Number of protein chains: 2
Amino acid sequence: MPHYERVEKVRLLVVDDDPPIADLVATVARYEGWQAITANSGEEALRLAAEFHPDIVVLDLMLPDLDGFGVLDRLRGAGTMVPVVFLTARDGVADRVAGLTRGGDDYLVKPFAVEELMARLRTVLRRSAGPGFQRSVLRVADLMMDEDTREVRRGDKLLTLTPTEYEVLRYLMRKSPTVLTKAQILDHVWEYGFGGRSNVVELVVSRLRRKLDDTGTPLIHTVRGFGYVIRQAAE
Amino acid sequence: MPHYERVEKVRLLVVDDDPPIADLVATVARYEGWQAITANSGEEALRLAAEFHPDIVVLDLMLPDLDGFGVLDRLRGAGTMVPVVFLTARDGVADRVAGLTRGGDDYLVKPFAVEELMARLRTVLRRSAGPGFQRSVLRVADLMMDEDTREVRRGDKLLTLTPTEYEVLRYLMRKSPTVLTKAQILDHVWEYGFGGRSNVVELVVSRLRRKLDDTGTPLIHTVRGFGYVIRQAAE
DNA sequence: CCGCAGCTGTCAAAAAGCTGTCGTACATCT
DNA sequence: AGATGTACGACAGCTTTTTGACAGCTGCGG
């Protein structure tokens, strides 16, 4: 299912002092087939990095001891060029991070949506794999989504999606032809901690359908009492 | 019968302060050939987890001492990455759980149907078994059920089932060619504590037959005075 | 050929899903 | 700063589907 070619499992090190968050990320990654370990402090992170040799690191900036920047410096100081994706608080040090995100690194603001984090990790990995990296394009029937350009087309028609619509569609496409429950969609696409108990998912699906099923046959199907799938109509 | 490959028995730890519920789950699991133990408090759960090394945990959120979240934290703190399926009251802390379940752990609302719980446990186990996990497809004669896409076909014909029909059929197929009593079906597919003492099972079977026996030879057979089976032919 | 288990049509209540409207928040442009 | 536009999600009304109670009928097995 992964779209970057790799023989071995991706090795991910997650560094966050909040264990639930670190677990969350590690668990999602494992479900993608990755190998993930967590560290809850800067020192622990450095120790684990040295022996685990991660392919990518998720690094919270706010750590009890050494902060995220410090960890990065010492990683680099040790000669590791492993790419890093930072996590920062909403109104944190966004600008300083931005400065650090060249060279394939990236950052995300907390609270984030799980799918978005995974998408960024995949992108960073893909880019850091060297020049001539593969474009990532998802296809379902005549629907196409280019994850690099964020272009979405149904046949020839270019669609304009809002960020939420885009994320929901991507998740559906990634998992196609598996049926997803509304809860799964909510849990993966919305930020963790989102309280919205309303019908947001239905609403976004409704809007999505209007945009993409308006040309051609319906692609997003309701599985009553269960959830949604995107796939070519099964006869 | 399990569809994920495993040489040893699955080891399940059930944590619920209501002994009947914990036992119910453990019993069903044992009947599936699993090895199951129960704990009625958070502390006991941690103690048992340490020595039993479960492959999966069913964890009620409402516990007398340490609550479900606390248990999870301490499990994780001890470095256990065992997957967890939570149980919560109907309009309890569903949203808080959501935050924890994004990873791939799952949750179910009480009162639940036993088959649904087992299905989720199987799914979680299957996914956490690593990348490239097997699709789960059940077959009986020319009837096929794909548990991921929820597609059900008789020969080429795609069937559209309601949630209840789907669950009853899945249970029958899973147990095929064993004959199941109406009581067993009722107990496994409907939520525990379901009051309906009417002929619901007969009704659903009737509807199922109309949908799937309409093409080809009958597959669901009545064993008069006992129950139902699904299988090729009753010779 | 009788009696009872099983089958199924009908129907009303409940659940699930869809979508229009609107207020708020945030970003962008002038 | 003010104006304009876009995105999001709460809410509510409405439609469709599902479910199970009830009751009468069927037909199996003795």
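Lettering follows sequence order; numbering is per chain, from 1. As the structure is a computational prediction, the values presented were derived from the model and not from experiment.
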Requested in this report: Find the distance B:His221:NE2 to C:dC7:C1' and express it as a whole number of Å.
Outcome: 17 Å

Query raised in the report: Does the side chain of B:Thr164 get closer than 4.0 angstrom to OP1 or OP2 of D:dT18 through an N or O atom?
Result: no

Requested in this report: Check the distance between D:dG9's P and A:Leu208's CG and give it to me in whole angstrom.
Outcome: 13 Å

Query raised in the report: Just how far, in rounded Å, is C1' of D:dA7 from CD of A:Glu191?
Result: 14 Å

Report task. Quick one, give me the B/S/- string for nucleotides 8-21 of chain C, reading 5' to 3', where B means a protein heavy atom under 4.0 Å from the base and S means that only happens at the primed atoms, P, OP1 or OP2. Result -> BS------BSBBB-

Report task. Please state whether the phosphate of D:dG20, meaning OP1 or OP2, lies under 4.0 angstrom from any side-chain nitrogen or oxygen of B:Trp190. Result -> yes

Query raised in the report: Once you round it to whole Å, what is the distance between C1' of D:dA7 and CZ of A:Phe194?
Result: 13 Å

Report task. Take the C1' atoms of the five end pairs on each side of the helix from C:dC1-D:dG30 to C:dT30-D:dA1, get both axes, and report the angle to 10 degrees. Result -> 30°

**Report entry** Nearest-angstrom distance from the residue atom CD1 of A:Ile185 to P of D:dG9
**Finding:** 14 Å

Report task. Rounded off to whole Å, could you give me the CG-to-C1' distance for the A:Leu161 and D:dC8 pair? Result -> 15 Å

Requested in this report: Output yes when A:Glu165 and A:Lys211 qualify as a salt bridge under the 4.0 Å nitrogen-oxygen rule, no when they do not.
Outcome: yes

Query - A:Phe86 and A:Phe69 aromatic ring geometry - parallel, tilted or perpendicular at 30°/60° bounds - result: tilted

Report task. Test A:Asp214 against every option in A:Arg209, A:Arg207, A:Lys157 by the salt bridge (Lys or Arg N to Asp or Glu O under 4.0 Å) rule and name the one that passes. Result -> A:Lys157

Requested in this report: Look up atom NE2 in A:His221 and atom OG1 in A:Thr217, then write down how far apart they are to the nearest 0.5 Å.
Outcome: 7.5 Å

**Report entry** Candidates B:Arg135, B:Arg174, B:Arg126 - the one meeting salt bridge (Lys or Arg N to Asp or Glu O under 4.0 Å) with B:Glu147
**Finding:** B:Arg174

